[in-house]
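The next block holds one structure in the form of structure tokens; read it before the comments.
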Amino acid sequence: MQQINNCFNKVKKDCLKFIASQETKKDKFKNKKKMIKSFLIPVSFWISKQANKKKPYFVGLAGGQGTGKTTTSSLLEIILIKFFKLKVFRI
């Protein structure tokens, strides 16, 4: 839990700034901090364990239009670069 808190403290400003840029006046993200702490950071820890610095590691996200694939991948990119110091290429 301490690692998650350390990660959250390091990435929250950038993640919340990105989320704010995606919100509209009518559609606001709910439970932003909880989503980052309970989903995105644990997934980032898993990805970082799987990643081999010498070989590329591919992660695919699937879902319908408007389900948050781009937002999720953008937030994962922020966390993986800022906290884990991984090189990330997002398509």
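- Here CZ of F83 is found 9.5 Å from CG of N9. Values are rounded to the nearest 0.5 Å.
- When all heavy atoms of P56 and F58 are compared, the closest pair comes out as CB-CE1, 4.0 Å.
- When all heavy atoms are compared, the tightest approach of K69 to L61 is O-CD1, 3.6 Å.
- The two residues I4 and K37 make their nearest non-hydrogen contact at CG2-O, 3.8 Å.
- Residues Y57 and A51 approach most closely at CB-CA, 4.1 Å, considering heavy atoms.
- Atom CD of E23 has more than 12 neighbouring heavy atoms from other residues, nucleotides or ligands inside a 6.0 Å radius.
- Smallest separation of non-hydrogen atoms from C7 and F45: CB-CE1, 4.2 Å.
- Taken to the nearest 0.5 Å, the CD atom of Q2 stands 4.5 Å off from the CG atom of N6.
- Remark: K28 NZ is packed, more than 12 non-hydrogen atoms of other residues, nucleotides or ligands lying under 6.0 Å away.
- One finds the CG atom of L75 at 5.0 Å from the CD1 atom of I19 (value rounded to the nearest 0.5 Å).
- Between the SG atom of C15 and the NZ atom of K82 there is a distance of 9.0 Å, given to the nearest 0.5 Å.
- A distance of 12.0 Å separates CZ of F39 from CD1 of I36, quoted to the nearest 0.5 Å.
- Around the NZ atom of K13, the shell of radius 6.0 Å holds no more than 12 heavy atoms that belong to other residues, nucleotides or ligands.
- Going from atom CG of L40 over to atom CZ of F8 covers 10.5 Å, rounded to the nearest 0.5 Å.
- Checked by atom type and distance alone, the side chain of K10 never pairs as donor or acceptor with a backbone atom of I79 at under 3.5 Å.
- What you find for S73 and R90 is that their closest heavy atoms are OG-CD, 3.1 Å.
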